[in-house]
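These numbers come from a predicted model, not from an experiment. Residue numbers run from 1 in the order of the sequence given.
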Amino acid sequence: MTTLRITEILDEKPVRMTVDLPADLHRDLVAYAALVSQNGQPVDPVRLVPHMIRGFIASDRGFQKLRHGAQRRNPKTQPPAAPENG
């Protein structure tokens with residue numbers, strides 16, 4: 001059975017987070033932002049992080065399976081659908 005370390009989030013309002021990234025990951029994020037910026041206006045690497053996290057979570061089959069199973073067992077605790085952001 002798949003288990004998650006995070007089991008409950010009580011507050012769903014947006015929050016500001018501060019994280020420390022390894023230098024190599026920061027370089028990759030800056031390089032990614034530079035590539036995205038080639039399509040138009042400059043992109044701040046920080047603005048990419050929520051999209052990347054959302055994409056990671058959306059692609060995690062174990063998470064989706066557990067999340068949907070929990071919703072079927074207790075539909076009243078179902079979290080709101082995530083907004084569609086490209």
N/O donor-acceptor pairs under 3.5 Å from side chains in residues 28-38, not counting sequence neighbours:
residue, atom, partner, partner atom, Å
S37, OG, A33, O, 2.8
S37, OG, V43, N, 2.8

Query - Common cluster, V49/L25, ILVMFWY with side-chain heavy-atom separation under 4.5 Å - result: yes

Query raised in the report: Is there a path of hydrophobic side-chain contacts, each under 4.5 Å between heavy atoms of I, L, V, M, F, W or Y residues, that connects M52 with V19?
Result: yes

